[in-house]
Amino acid sequence: MVEKIQFYPLDVTYKVIDGKPVIHLFGRTTDNKQILILDDSFEPYFYVVPKKGVDVREKLEKIEVERDDKTAKVTRTEAVNKKFLGNDVQAIKVYTQLPGDVPMIREVVKDWEILEGIYEYDIMFSRRYLIDRKIVPLTLYEAEAEHYTLRAKVPVFKALKIEQLGTETIKPRILSFDIETYSPSRSIEPEKNPIIMLAFYSGNSAKAKSQKDEKPFKKVFVWKKFKTELDFVEFVNSEAELIEKFKETIETFKPDILTGYFSDGFDLPYIKTRAEKYKISMDLGLDYSELRVNKQKVTTSRIRGITHLDIFKFIKRVMGPTMKTDAFNLDAVAGELLGGSKHDVDLDELSEIWDKHPEKLEKFCNYNLNDSLLTYKLTQKMMPTIIELVKIVGLTIYDVNRMGFSQLVEWFLLKQTPNFDEIAPNKPGYNEIQNRRLQTYKGGFVYEPHPGLYKNIVVFDYRSLYPTIIGSHNIGIGTLNCECCEGTAKKTPAEDEEYWFCTKRKGFIPTLIEELITRRMRIKEIIKSEDAKYALLDARQNSLKLLANSFYGYLGFFGARWYSLECAKATTAWGRFYIQDVIKKAEDGGFKVLYSDTDSVFLTLDGKTKEDVNKFAEKINTELPGLMELEYEGLYPAGIFVSAKMGVLGAKKKYALLSEDGTLKIKGFEAVRRNWSFIAKETQEKVLDIILRDGDKKKALKYVKKIINDLREKRIPVEKVVIHTQLQKEISDYTSKGPHVAVAQRMINRGIKIGPGALIKFVVTQGSDIIRNRAKLPDEVTEEDYDSDYYVNNQVVPALDKIFEVLGYSKDDLLEHKEQKKLEGFF
DNA sequence: GATTGGCGGGG
DNA sequence: GTGTACGCCAATC
């Protein structure tokens with residue numbers, strides 16, 4: 001009986017059944033049931049392009065390869081008109097019986113001299129299926145299908161037809177988990193040490209049915225009993241039973257997504273190792289397949305039919321570059337993305353308490369649950385971005401989770417090839433990669449600032465500079481140095497060589513990048529006009545931006561299929577051209593240029609009006625091609641640039657601006673970095689504030705003198721002179737012992753267990769010994785003890801001297817005890 | 001400077 | 001699974 005089934009695909013794999021590859025699409029139906037849909041209508045293939053005028057089809061069709069008593073052969077061939085990097089080619093589509101036959105056949109034809117090239121022989125079968133059938137995971141499809149008998153945990157259907165119904169996406173059922181293990185020496189040894197606790201958390205209730213009125217699901221399994229009131233704690237009798245509970249919970253909860261923090265490399269491999277010890281089968285897959293742990297350079301863990309999401313990986317790669325923290329442990333990441341949520345539990349005690357004081361285990365159960373709660377919340381927070389990337393790139397969450405930006409760009413392009421009849425270029429081989437790695441080229445242009453205090457600074461920047469250049473100048477491999485435009489197309493202003501790009505037909509990459517940019521612009525318009533669904537739309541526009549911005553890097557990435565050094569060079573060359581063009585035009589127009597870096601330029605009004613500025617920008621914009629646009633970023637009533645450590649010119653990326661709305665924008669100064677005492681950061685920020693807001697040098701100087709005086713008179717509390725430094729490795733591994741290492745050593749001697757990653761707080765106290773011997777724990781000292789001179793000379797003054805240099809003061813002026821009449825007269 | 005080695009995340 | 005793998009920082013010559 002043929003039924004119509006509406007479902008959202010979540011995971012895809014394939015299996016060989018009766019000598020035929022069968023695609024397995026796992027998903028959830030619109031009435032909220034897990035399902036498996038089979039499709040045996042998809043054939044493996046790859047392309048060959050023969051040399052002109054050579055007929056190779058007959059020869060291809062005769063290929064037979066024997067290996068391990070299996071025969072791989074070409075089932076049929078098909079002549080197709082395609083394009084390769086923009087040029088028309090006559091290609092042959094070579095079909096095989098099984099996906100694994102493709103590399104075998106390719107091996108045979110690899111050295112055929114009658115072939116121009118062999119392509120798309122390394123695209124995984126299930127991904128190839130998603131591309132060719134235009135299936136975008138998480139969006140709604142309807143299958144015409146009939147029941148099929150296959151051993152599985154969910155109903156199985158065989159599809160006759162699958163078509164897309166819409167682009168709305170599933171709201172996935174997410175279950176997060178976390179384990180705690182016995183680890184007496186802080187080392188991680190799954191062969192030796194048992195799992196002692198296991199926590200689950202979900203915002204969805206345990207029962208899959210009720211959509212409304214959902215109560216969060218909380219559970220902690222532990223195999224030692226103790227007295228507790230916690231209702232989420234469930235005792236089991238052994239580690240083996242705990243592992244069984246892990247399986248059972250997933251089977252009854254039926255999540256679409258199982259999420260953990262570093263679970264690819266820790267929790268799931270650990271569970272698998274322990275399960276093997278007890279000979280417990282980890283057949284978690286919806287088709288009863290085993291949990292698969294792939295230990296290569298990076299370990300991955302996969303469950304068929306259930307999306308295993310390692311949120312650590314995603315956050316580190318996608319959010320990492322824009323985050324403040326440089327440590328990616330759960331504490332730091334949750335702290336920044338979710339707001340403070342520190343647990344005050346010392347994990348080093350766990351093993352001892354487990355052995356000797358199980359009555360104290362309760363707080364560890366809370367800790368365990370809290371970690372899975374944080375993991376859940378992080379996943380929830382990232383979900384809109386993940387879903388958007390899935391929709392843009394067209395791969396499963398599992399794949400998108402584990403890909404870097406260059407791979408995301410590449411799969412986005414691969415997904416688009418059929419729409420342009422393009423054949424994808426091959427990945428570079430080893431030698432090619434080595435060659436590419438050696439290539440370097442010029443980046444953005446920097447106009448170094450003259451140190452100084454300035455008024456009425458106008459900032460402009462090119463919106464999405466590199467993406468719009470690629471689009472507007474038609475930069476791509478297929479349009480590079482085309483014969484049709486030789487001598488007529490404008491040449492790229494690169495110093496060393498001469499490139500041009502076709503002006504007659506738009507290229508594959510430029511077309512796609514412009515699509516991404518315009519899609520993003522439309523979304524930003526909607527966000528501006530209404531604030532409904534803001535978070536979702538914002539995730540969408542941000543994903544589009546992330547992807548568009550990655551194209552330029554992709555073109556210059558050594559592993560890229562669509563690699564082109566010329567294109568990458570052309571992109572930065574045009575970038576330098578356009579920013580230098582603004583600088584020149586600004587100067588010609590009577591503006592003073594202060595600073596510029598890659599895509600932004602800082603000007604002073606210099607007697608001109610805001611209207612003059614608008615006219616200036618308008619004029620520039622009418623002359624810009626395509627989607628390029630110079631955006632007015634803002635007017636800043638005051639700003640300061642300071643000198644670099646060396647040289648007379650100003651430091652790059654180090655300045656402070658006062659916005660019209662009164663907020664301070666501080667870039668590159670110590671005030672925005674950690675590792676400095678609060679008093680140094682606070683004073684620096686306050687001084688910038690006084691200078692920019694009040695324009696009063698004397699007041700700033702007076703303020704600093706007061707702080708220095710307060711330090712000397714011990715009126716600054718101890719908390720403000722504490723210095724925080726993160727311990728990077730084991731104490732014994734440090735060859736040069738900084739003050740934080742000495743303090744850490746003393747903490748250990750005191751019986752406090754700390755290791756790499758710990759944040760060490762210390763205060764430098766008075767004395768004549770070397771610094772590290774004078775570094776003390778904050779709770780060991782009072783105001784009387786800290787070394788005022790150290791804080792004045794090594795913290796406060798270094799944070800300020802470059803700023804005061806701009807104002808015409810020297811270091812000595814800061815340290816003068818009495819204000820001098822002579823100097824006062826100076827202003 | 002180039003090159004190599006180790007480590008992050010997890011307990 | 002038609003695969004392929006990271007990327008940064010510190011120490012070292």
Side-chain angles (χ1 to χ4, degrees), chain A residues 12-16 21 42-47 72 94-107 118-129 178-190 192-197 260-271 292 294-302 304 310-313 315-317 320-321 326-333 345-351 354 364 367-368 371 375 399 402-407 410-411 426-428 430 433 437-438 559 561 728-730 733-736 753 755-757:
Chain A
V12 55
T13 60
Y14 86 95
K15 247 189 223 174
V16 177
F42 191 61
E43 295 169 89
Y45 69 89
F46 65 103
Y47 292 108
V94 184
Y95 291 89
T96 68
Q97 187 69 31
L98 295 176
D101 296 347
V102 170
M104 287 166 72
I105 310 259
R106 186 230 161 193
E107 205 55 42
I118 313 163
Y119 304 103
E120 301 195 11
Y121 48 80
D122 59 354
I123 295 173
M124 279 111 37
F125 189 61
S126 49
R127 290 188 189 166
R128 167 102 274 169
Y129 175 80
D178 179 50
I179 60 169
E180 304 300 329
T181 66
Y182 183 76
S183 164
S185 56
R186 231 200 274 122
S187 60
I188 286 165
E189 295 165 276
K192 220 165 89 187
N193 296 325
I195 300 166
I196 56 188
M197 278 178 202
Y261 199 84
F262 198 56
S263 43
D264 247 350
F266 178 70
D267 303 69
L268 287 180
Y270 208 109
I271 289 170
R292 215 184 61 201
N294 207 357
K295 276 193 186 132
Q296 298 193 15
K297 267 217 166 112
V298 275
T299 308
T300 54
S301 306
R302 189 180 160 98
R304 277 193 174 195
D310 184 344
I311 200 64
F312 156 75
K313 265 193 186 149
I315 289 175
K316 185 168 179 194
R317 260 208 342 271
D326 37 25
F328 284 87
N329 51 15
L330 181 55
D331 243 12
V333 168
V345 169
D346 184 2
L347 260 190
D348 285 327
E349 294 175 354
L350 175 56
S351 299
W354 179 260
F364 291 97
Y367 169 87
N368 192 194
D371 272 6
T375 304
D399 285 339
R402 286 158 185 79
M403 280 180 176
F405 272 107
S406 57
Q407 277 184 88
E410 188 150 289
W411 281 98
N426 291 328
K427 277 197 267 201
Y430 181 79
I433 287 179
R437 274 181 188 273
L438 298 173
R561 286 175 190 266
Q728 296 296 339
K729 45 190 176 184
E730 290 293 341
D733 295 344
Y734 277 92
T735 42
S736 69
K753 286 178 186 160

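Naming convention: chains lettered A, B, ... in sequence-line order (proteins, then strands); numbering from 1 in each chain. Because only heavy atoms are used, hydrogens play no part in the values below, and waters and symmetry mates are left out as well, while side chains stay in.
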Atom pair distance, as rounded to whole Å: CZ in Phe312(A) and C1' in dG9(B):
4 Å
Can you tell me how far P of dG1(C) sits from CZ of Arg402(A), to the nearest Å?
11 Å
Figure out the CG/C1' separation between Asn368(A) and dG10(B), and round it to whole Å.
13 Å
Nearest-Å distance, CD1 (Ile179(A)) to C1' (dG11(B))?
8 Å
Can you tabulate the close N/O pairs, meaning under 3.5 Å, that link protein atoms to atoms of nucleotides 4-7 of chain C?
unit_1 : atom_1 : unit_2    : atom_2 : d
dA5(C) : N7     : Gln296(A) : OE1    : 2.5
dA5(C) : N6     : Gln296(A) : OE1    : 2.9
dA5(C) : N6     : Gln296(A) : NE2    : 3.2

Set of salt bridge (charged side-chain N to carboxylate O under 4.0 Å, His left out) partners for Arg128(A), sequence neighbours left out
Glu120(A), Asp132(A)
Tyr95(A) and Tyr45(A) aromatic ring geometry - parallel, tilted or perpendicular at 30°/60° bounds:
tilted
Whole angstrom value for the distance that separates C1' of dG10(B) from NZ of Lys313(A)
12 Å
Please state the P separation for the pair dA5(C) and dG10(B) - nearest whole angstrom.
27 Å
Check every atom of dG3(C), dG11(B), dG10(B) against the side chain of Phe262(A) and return the nucleotide holding the closest atom.
dG10(B)
Just call it for Tyr261(A): base, sugar-phosphate, or nothing, with non-hydrogen atoms closer than 4.0 Å on any strand.
sugar-phosphate
Please confirm whether the backbone N or O of Asp178(A) pairs with a side-chain atom of Asp267(A), one donor and one acceptor, at under 3.5 Å?
no
Do Ser187(A) and Ser185(A) pair up side chain to side chain, a donor and an acceptor below 3.5 Å, judged on atom types alone?
yes
Checking Phe262(A) now: which residues fulfil side-chain contact (heavy atoms from CB on, under 4.5 Å) with it, not counting sequence neighbours?
Phe266(A), Asp310(A), Phe312(A)
In which stems does DNA chain C show up, taking only runs of three or more Watson-Crick or G-U wobble pairs whose two distances fall under 3.5 Å?
B:1-8 with C:6-13
What contact category does Arg106(A) fall into here, base, sugar-phosphate, or nothing, at under 4.0 angstrom with non-hydrogen atoms?
nothing
Winner on side-chain proximity to Asp178(A), out of dG1(C), dG11(B), dG3(C), is dG11(B)
Given dG11(B), dG1(C), dT2(C), identify the nucleotide with an atom nearest to the side chain of Tyr14(A).
dT2(C)
In whole Å, measure the gap between the P atoms of dG9(B) and dC8(C) for me.
14 Å
Whether the side chain of Asp348(A) and the base of dG11(B) hold a donor-acceptor pair under 3.5 Å is what I'd like checked.
yes
Which residues share a salt bridge (charged side-chain N to carboxylate O under 4.0 Å, His left out) with Arg317(A), sequence neighbours left out:
none
Can you tell me the distance, in whole Å, between the CG atom of Asp264(A) and the P atom of dG9(B)?
15 Å
Just to be sure I understand the rule, does Arg292(A) reach a base, reach only the sugar-phosphate, or reach nothing, if contact means heavy atoms closer than 4.0 Å?
base
Between the OH atom in Tyr182(A) and the CD atom in Glu189(A), the distance rounded to the nearest 0.5 Å is 11.5 Å
Those residues that, when tested against Lys313(A), pass salt bridge (charged side-chain N to carboxylate O under 4.0 Å, His left out) (two or more places apart):
Asp264(A)
Starting from the C-alpha separation in whole Å, work towards a yes-or-no answer on side-chain contact (heavy atoms from CB on, under 4.5 Å) for Val333(A) and Ile311(A).
CA-CA 11 Å; Val333(A) 168; Ile311(A) 200 64; over 6 Å; no
Output the single nucleotide from dG3(C), dG10(B), dG11(B) whose closest atom is nearest the side chain of Leu330(A).
dG10(B)
Measure the distance from CE on Met104(A) to C1' on dG1(C) and round it to the nearest whole Å.
15 Å
Closest to side chain of Leu347(A), choosing from dT2(C), dG9(B), dG11(B)
dG11(B)
Quick check against the 3.5 Å criterion: does Asn193(A) have a side-chain atom that pairs as donor or acceptor with the backbone of Ile188(A)?
no
Report the distance from atom CZ of Phe328(A) to atom P of dC8(C), rounded to the nearest whole Å.
11 Å
